[in-house]
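A quick write-up on the structure given underneath.
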Amino acid sequence: MLKFGQHVIQQSCVFWESKLSFAFVNIKPVLPGHVLVSPKRIVPSFTNLSPEENVDLFKGAQQLASLLKTHYKTESLTLVVQDGVDAGQSVHHVHIHLMPRQAGDFANNDDIYGEIERVDSTTSEIRSEMEMESEAMIYKELVKEMGITS
Ligand code: AMP
């Protein structure tokens with residue numbers, strides 16, 4: 001069990017861990033494969049990451065980006081860090097959004113940013129724990145198969 005800001009993330013929803021970072025499935029994904037990578041320590045802002053946390057987080061995000069590209073058979077991925085309230089950050093614990101993209105997934109490519117904001121403000125699209133666990137299990141297997149290191 002790990003903390004994500006004020007939220008508790010069940011171990012069953014975590015699919016990758018290193019010494020300083022972890023990755024978990026999203027409770028309200030804007031697209032299939034929308035996952036989050038965070039430092040284990042509750043760090044509110046990107047500028048508060050230690051150099052070690054920064055390296056560990058982005059190394060993990062890069063490897064997991066490859067995993068998502070392979071699994072979702074795409075060469076395209078949107079990475080987002082909303083840093084601060086005025087940038088749209090709703091959980092005050094640094095996280096990188098990784099979102100695999102497909103041709104035509106939005107009418108206009110950049111509509112994804114509006115969708116992130118829209119989904120953030122709804123409570124109606126929360127997924128069941130069972131659905132999230134099943135997704136995390138698939139990625140856990142891939143982490144092993146692809147030899148993704150911590
Ligand atoms: P942001 O608006 O950039 O702070 O993004 C917060 C992200 O955290 C959104 O994608 C939410 O769907 C996601 N989120 C919030 N609570 C949880 C949770 N308990 N488990 C997984 N993802 C969450």
Side-chain angles (χ1 to χ4, degrees), residues 1-18 20-49 53 56-58 60-146 148:
M1 183 183 92
L2 287 150
K3 292 295 290 283
F4 173 48
Q6 70 273 32
H7 306 287
V8 171
I9 305 298
Q10 298 305 324
Q11 202 61 43
S12 53
C13 294
V14 174
F15 60 90
W16 172 84
E17 271 186 72
S18 65
L20 300 174
S21 314
F22 69 112
F24 54 105
V25 296
N26 201 315
I27 202 163
K28 291 187 290 180
V30 303
L31 283 173
H34 178 186
V35 302
L36 302 169
V37 193
S38 273
K40 286 184 170 170
R41 184 170 71 95
I42 301 180
V43 182
S45 168
F46 180 61
T47 48
N48 300 138
L49 288 170
E53 283 169 330
D56 192 83
L57 185 69
F58 276 87
Q62 189 185 42
Q63 294 183 97
L64 296 170
S66 290
L67 178 152
L68 292 171
K69 284 185 174 182
T70 303
H71 185 63
Y72 287 93
K73 300 184 173 36
T74 180
E75 280 307 310
S76 303
L77 196 91
T78 298
L79 289 93
V80 168
V81 179
Q82 307 203 102
D83 190 35
V85 178
D86 295 334
Q89 185 178 14
S90 59
V91 178
H92 299 283
H93 181 163
V94 174
H95 48 285
I96 306 175
H97 296 252
L98 300 180
M99 294 167 283
R101 302 296 305 269
Q102 305 290 343
D105 52 9
F106 287 97
N108 300 299
N109 262 326
D110 291 357
D111 289 351
I112 192 166
Y113 301 107
E115 184 66 0
I116 293 169
E117 192 168 354
R118 187 194 69 75
V119 171
D120 250 358
S121 59
T122 68
T123 46
S124 56
E125 291 166 35
I126 287 178
R127 297 198 294 167
S128 71
E129 210 165 292
M130 205 201 274
E131 190 183 343
M132 292 168 71
E133 284 175 15
S134 311
E135 185 187 350
M137 253 155 58
I138 295 170
Y139 302 150
K140 272 183 208 168
E141 281 305 309
L142 282 170
V143 163
K144 269 193 237 155
E145 268 174 39
M146 293 177 72
I148 292 177

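- Rounding to the nearest 0.5 Å gives a distance of 10.5 Å between CG of N26 and CG of L31.
- Considering only heavy atoms from C-beta on, L77 stays 4.5 Å or farther from Y72 through its side chain.
- W16 approaches S21 most closely through the heavy-atom pair CZ3-CB, 3.7 Å.
- The distance from atom NE2 of H71 to atom CG of L64, rounded to the nearest 0.5 Å, is 13.0 Å.
- Looking at K144 and L142, their side chains never come closer than 4.5 Å, going by heavy atoms from C-beta outward.
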**OP:** Could you check Y113 against V80 for side chain to side chain contact (heavy atoms under 4.5 Å, CB included), going step by step and ending with a plain yes or no?
**Re:** CA-CA 9 Å; Y113 301 107; V80 168; 3.7 Å; yes
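- Residues S18 and K40 approach most closely at O-NZ, 2.7 Å, considering heavy atoms.
- K28 NZ to S90 OG: the interatomic distance, rounded to the nearest 0.5 Å, is 7.0 Å.
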Original post:
Does the pair L57 and L20 meet the rule for a side chain to side chain contact (heavy atoms under 4.5 Å, CB included), with working shown?
Top reply: CA-CA 7 Å; L57 185 69; L20 300 174; over 6 Å; no
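- Between the D83 side chain and the F46 main chain, a donor and an acceptor come within less than 3.5 Å of each other.
- Around atom CE of M137, no more than 12 heavy atoms belonging to other residues, nucleotides or ligands sit under 6.0 Å away.
- In this structure, the side chains of V35 and F15 come closer than 4.5 Å at one or more pairs of heavy atoms.
- When all heavy atoms of F22 and K3 are compared, the pair lying nearest together is CZ-O, 3.6 Å.
- By the neighbour-count criterion of 12 heavy atoms within 6.0 Å, atom CD of Q10 is densely surrounded, having more than that number from other residues, nucleotides or ligands.
- Looking at E115 and V119, their side chains come closer than 4.5 Å, going by heavy atoms from C-beta outward.
- Closest of all the heavy-atom pairs between I42 and P44 is O-CD, 3.7 Å.
- Distance CZ/F106 to OG1/T78: 8.5 Å, rounded to 0.5 Å.
- Looking at residues two or more places apart in sequence or on another chain, you find a salt bridge (charged side-chain N to carboxylate O under 4.0 Å, His left out) between E131 and R127.
- Here the closest heavy-atom approach between residue K140 and residue V14 is recorded as CE-O, 3.0 Å.
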**OP:** Show the numbers, then the answer: is there a side chain to side chain contact (heavy atoms under 4.5 Å, CB included) between L2 and F24?
**Re:** CA-CA 10 Å; L2 287 150; F24 54 105; over 6 Å; no
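- In this structure, the side chains of Q6 and V91 come closer than 4.5 Å at one or more pairs of heavy atoms.
- In terms of the salt bridge (charged side-chain N to carboxylate O under 4.0 Å, His left out) criterion, E129 has no residue partners (sequence neighbours excluded).
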Can you give the donor-acceptor pairs under 3.5 Å from side chains of residues 92-100 to other protein atoms, not counting sequence neighbours?
residue	atom	partner	partner atom	Å
H93	ND1	G5	N	2.8
H93	NE2	P39	O	2.7
H93	NE2	R41	O	3.1
H95	ND1	H93	O	2.6
H97	ND1	H34	NE2	2.8

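- A donor and an acceptor atom, one from each side chain of E17 and Q11, are located under 3.5 Å apart.
- Minimum interatomic distance between R101 and I112 (heavy atoms only, all atoms of both residues): NH1-CG2, 3.5 Å.
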Subject >> Derivation of the side chain to side chain contact (heavy atoms under 4.5 Å, CB included) call for R118 and E125 >> reply: CA-CA 11 Å; R118 187 194 69 75; E125 291 166 35; 3.2 Å; yes
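- Between S121 atom OG and I116 atom CD1 the span is 12.0 Å, to the nearest 0.5 Å.
- Remark: the E135 side chain and the Y139 side chain contain an N/O donor-acceptor pair separated by less than 3.5 Å.
- Within 6.0 Å of the CD atom in Q62, the count of heavy atoms belonging to other residues, nucleotides or ligands does not exceed 12.
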